[in-house]
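Everything numeric in this text was worked out from a predicted model, so none of it was measured.
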Amino acid sequence: MPSGIENIFLIMAVGEFIAGMLGNGFIVLVNCLDWVKSQKLSSVDCILTCLAVSRITLLWITQFDSLVMVLWPHLYAIDKISKFVSIFWALSNHLATWFATCLSIFYFFKIANFSHPCFAWLRWRIGRVLLVLQLGSLFSLSFKIILSDTLSGFWIAIHKIGERNSTWSPLVSKTPYLNNLIAYSCMYIIPFLLCLTSLLLLFLSLRRHARNVQLNSSSRDFSTEAHKRAMKMVMSFLFLFMLHVSSILLTGWIFLTLEKNRVSVLVILVSSVFPSAHSFILILGNSKLRQNGLGLLWHLSCHLKRAKPLAS
């Protein structure tokens, strides 16, 4: 039977799962309906849809992992289940990370304004730039899957040790798994640096634009508002991304040092905030999604108002 803390963990995990499914599912639904109506999908909508689909997959795998960790921890000893969860989690997490990175880069190229010819050349070929980034990320994905498979083998060994109530054998070294964990963490450096560079360049572009506005004194400045919206989107992604990655690495360190599965339940909750909460930030930052969301809320409120007199 799960303890009181584990029951609270399950309730919070289910709550995060429902919130994430609602947010990401709404993004997919709106963009798919718009695609059916107009028979075309813009670049930003395509990135948002792919990002939402990858996060829906990530949320399902994380929810399954949370249930197994609390209700059926003995399943960790089954090699096929552990490796299946580990590999598919690495795949969906990798795709979600890189689609979010491509979204930040897309906002930068569409909103920032620099006179450098290299920037203009890349901006004109933004679609190819994002495609090259995604194809390049596939190389790191293969290494990430290999490392995830190795780490899952280590977690299986830890669970078997815990079932026997024994201690870690000194003949079995933790060094290879520690090296794999460090290598796994280094793969997040590239998307983080790309997003950080986009944020800094957006800030420089905003400063230059603000000086030009002061000199020209235009009455209505839409570019400044676009810069600020894009910077908020990238900053929110960076903050949640750092929280997400820190939680993943902390989970790995807990497995390495404490050799217990259930110690990491709180860390898993924190890591799930990124795919769940960031979807609502994307909805608020996108005018089409925001308008559809407000329209949906208005219809729901009208429906509830009509249902109250009937219930009474």
Side-chain contact, heavy-atom cut-off 4.5 Å: [X] with [Y]?
| X | Y | answer |
| --- | --- | --- |
| L204 | L200 | no |
| L51 | I27 | no |
| S92 | I61 | yes |
| T97 | F192 | no |
| L48 | N31 | yes |
| R123 | V129 | no |
| N286 | L282 | no |
| N292 | L296 | no |

Is it true that a side-chain atom of [X] and a backbone atom of [Y] form a donor plus acceptor pair closer than 3.5 Å?
| X | Y | value |
| --- | --- | --- |
| S276 | E16 | yes |
| N24 | G20 | yes |
| T62 | L59 | no |

Should M21 and F99 be counted in the same cluster of Ile, Leu, Val, Met, Phe, Trp and Tyr side chains packed under 4.5 Å apart?
no
Are V28 and F274 joined in one hydrophobic group, where the rule is that I, L, V, M, F, W and Y side chains link up if heavy atoms are under 4.5 Å apart?
no
With L33, which of V30, L29, V36 fulfils side-chain contact (heavy atoms from CB on, under 4.5 Å)?
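Exactly one pass, corresponding to L29.
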If every non-hydrogen atom of S236 is compared with every non-hydrogen atom of I281, which pair is closest and at what distance?
OG-CG2, 3.4 Å
